[in-house]
Amino acid sequence: MAPQTATPLFSFSVMSDIHVMSSDSASQQLLKQALADHHELRPDSKLLVLNGDLTNGSEGDYRSLMALLSHQPHAPVQATMGNHDFYGVWRTPEGETDYTKLNPSWSSRDAVALFDRIWGYDKPYHELVVEGYHFLFLSGEAYRDVDASIKEDAFLSPAQLSWLRERLTDASAADAGKPVFVFLHQPLPRTLDGTDTELGVVQHQELRALLDAHPNVILFSGHTHWNVETTNQVKQLKFLAASSASIREVWSAQNEPETQSLSQSLIVDVYPERVVILRREHTEKRWIEPSIAKGYDVK
């Protein structure tokens, strides 16, 4: 195990890009493997964050995911939407996938409604407070059927950005030194390795300005699938940005899939005055060194 010098206040896990499909047994097996590894390492974990690209957008995929979760021990789950969770817009009447034309009987609104119904959310962004620490979960709210220029990026509505501003302000007022954990599937452009290949977030300038004003934020993302062991997937900006790579398929710095057996995610240990981010490779059940420690001036 990665060495621990003290007992954390609590721990949580971050996985992204699980890509569970009812027709894809490999995706289900890789998630089972990761869940078992996390549970063995942190059986008392307070939270499991599934940070986008949960499915390929169908209700059948969600049913497969929920069935899998119901049979595996794990911490309480919180989720965000990724671009693949909108992929019902590419589904044909026969249930196949055709990326050349949009499905007229499915929309971004339907995708968001399905996500909210499955997880019991009122909207695709929400807040959770764990042990006095704020967790803010963001999601894209529209896809190409609304505007073709969105592509695979996260579209954040003015309402969501206003909500985020209020939540960050309130958290800082409570304790400006305490870390705030923010989750969004797509990373901000030109931050981590691999984030210069697409925009990532449509409203990236507005989001970056909000996060820059709160240096206690840690922003967790996925989406690129880039390997956390061989590329730079943690970066200190005015806030801290961190990627959790991918459960389903890890990509190289050449922006291409590596061996199918790689499967990576994060465990986060929260201490009174620091946060430690540990990277994990699940197939070989090994830690990816070094871990990343970030200190905070907590009152």
Side-chain angles (χ1 to χ4, degrees), residues 1-3 11-21 24 26-38 40-42 48-56 80 82-85 152-154 181-201 218-237 239-269 275-294:
M1 288 186 66
S11 302
F12 64 92
S13 298
V14 186
M15 300 182 188
S16 70
D17 300 276
I18 61 177
H19 292 281
V20 168
M21 297 173 61
D24 179 16
S27 66
Q28 298 175 38
Q29 185 56 43
L30 286 166
L31 180 56
K32 289 179 183 178
Q33 172 183 269
L35 288 170
D37 198 21
H38 277 267
E40 180 180 355
L41 293 165
R42 297 292 187 275
L48 167 61
V49 180
L50 299 179
N51 199 16
D53 278 7
L54 316 176
T55 67
N56 219 41
T80 69
N83 50 304
H84 276 255
D85 301 308
E152 302 301 304
D153 304 327
F181 306 108
V182 180
F183 303 86
L184 177 63
H185 176 68
Q186 290 94 334
L188 284 162
R190 297 177 297 281
T191 53
L192 307 173
D193 284 2
T195 61
D196 57 352
T197 62
E198 56 187 60
L199 194 60
V201 182
I218 302 179
L219 174 66
F220 293 95
S221 63
H223 187 58
T224 67
H225 292 229
W226 276 36
N227 193 323
V228 299
E229 186 166 20
T230 58
T231 68
N232 183 11
Q233 297 303 313
V234 178
K235 187 171 183 179
Q236 181 64 59
L237 309 166
F239 54 92
L240 188 70
S243 170
S244 54
S246 171
I247 293 296
R248 177 64 181 90
E249 188 175 71
V250 174
W251 286 38
S252 70
Q254 287 70 49
N255 204 35
E256 296 175 346
E258 297 193 28
T259 171
Q260 295 287 332
S261 65
L262 282 179
S263 182
Q264 299 175 348
S265 65
L266 308 178
I267 287 176
V268 183
D269 289 335
V275 169
V276 179
I277 300 174
L278 302 115
R279 289 88 59 83
R280 184 72 172 176
E281 201 291 306
H282 298 295
T283 302
E284 297 179 354
K285 300 181 69 172
R286 63 181 176 85
W287 296 108
I288 297 169
E289 300 293 353
S291 59
I292 294 94
K294 170 68 175 176

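V275 has its side chain within reach of F181: a pair of non-hydrogen atoms, C-beta onward, lies under 4.5 Å apart. Inter-residue side-chain proximity for T224 and L192 is flagged as unmet; no heavy-atom pair is nearer than 4.5 Å. L184 has its side chain out of reach of S221: every pair of non-hydrogen atoms, C-beta onward, lies at least 4.5 Å apart. By the 4.5 Å heavy-atom criterion applied to side chains, H223 and N83 are counted as neighbours. Residues N51 and F220 are in side-chain contact: their nearest non-hydrogen atoms beyond the backbone lie under 4.5 Å apart. Contact of the L48 side chain with the L35 side chain is registered, since non-hydrogen atoms from C-beta on lie closer than 4.5 Å.
Atoms OG and CD, from S261 and E281 in turn, are 6.5 Å apart once rounded to the nearest 0.5 Å. Rounding to the nearest 0.5 Å places CG of D37 at 7.5 Å from OG of S265. The distance from the OG1 atom of T283 to the CD atom of Q29 is 10.0 Å, given to the nearest 0.5 Å. In this structure, NE2 in H185 is found 9.0 Å from OG in S244, a value given to the nearest 0.5 Å. Separating the CE atom in M15 from the OG atom in S263 is a distance of 8.0 Å, to the nearest 0.5 Å. In this structure, CD1 in I18 is found 8.0 Å from OG1 in T55, a value given to the nearest 0.5 Å.
The closest donor-acceptor contact from the side chain of D269 to the backbone of V276 lies at 3.5 Å or more, if one exists at all. Checked by atom type and distance alone, the side chain of D196 never pairs as donor or acceptor with a backbone atom of R190 at under 3.5 Å. Using modelled atom types, no side-chain atom of S11 and backbone atom of R42 make a donor-acceptor pair closer than 3.5 Å. Within the 3.5 Å criterion, the main-chain N or O of G194 finds no donor-acceptor partner in the side chain of Q233.
When the ring-ring contact (aromatic ring centres under 6.0 Å, His included) test is applied to H19, the partners found at least two apart in sequence or on another chain are H84, H225. In terms of the salt bridge (charged side-chain N to carboxylate O under 4.0 Å, His left out) criterion, residue partners of K285 (sequence neighbours excluded) are, by chain and number, E40. Annotation: salt bridge (charged side-chain N to carboxylate O under 4.0 Å, His left out) contacts of D153 (sequence neighbours excluded): none. The side-chain contact (heavy atoms from CB on, under 4.5 Å) search around T191 returns L188, T195, R208, L237, not counting sequence neighbours.
Taking the ring axis of W287 as reference, the NZ or CZ atom of R279 does not stay both within 45° of it and closer than 6.0 Å to the ring centre.
Listed by first and then second residue, the salt bridge (Lys or Arg N to Asp or Glu O under 4.0 Å) pairs that reach into residues 218-233 are E229-R286, sequence neighbours excluded. Applying the salt bridge (Lys or Arg N to Asp or Glu O under 4.0 Å) test to every pair with at least one member in residues 239-264, sequence neighbours left out, gives these pairs: D24-R248.
Closest approach of D17 and A245 over heavy atoms only: OD2-O, 3.5 Å. What you find for G222 and S243 is that their closest heavy atoms are CA-OG, 4.2 Å. Closest approach of Q264 and V228 over heavy atoms only: OE1-N, 3.0 Å. For the residue pair L240 and V234, the shortest heavy atom distance occurs at CD1-CG1, 4.0 Å. Of all the heavy atoms in T80 and G52, the pair that sits closest is OG1-N, 3.1 Å.
Of the listed residues (I247, L50, L31, L30), just one forms a side chain to side chain contact (heavy atoms under 4.5 Å, CB included) with V20, and that residue is L31. Partner of W226 under the side chain to side chain donor-acceptor pair (under 3.5 Å) criterion, chosen from N255, T231, D193: N255.
Aromatic ring pairs are classed by plane angle as parallel below 30°, tilted from 30° to 60° and perpendicular above 60°; the pair H38 and H282 is tilted.
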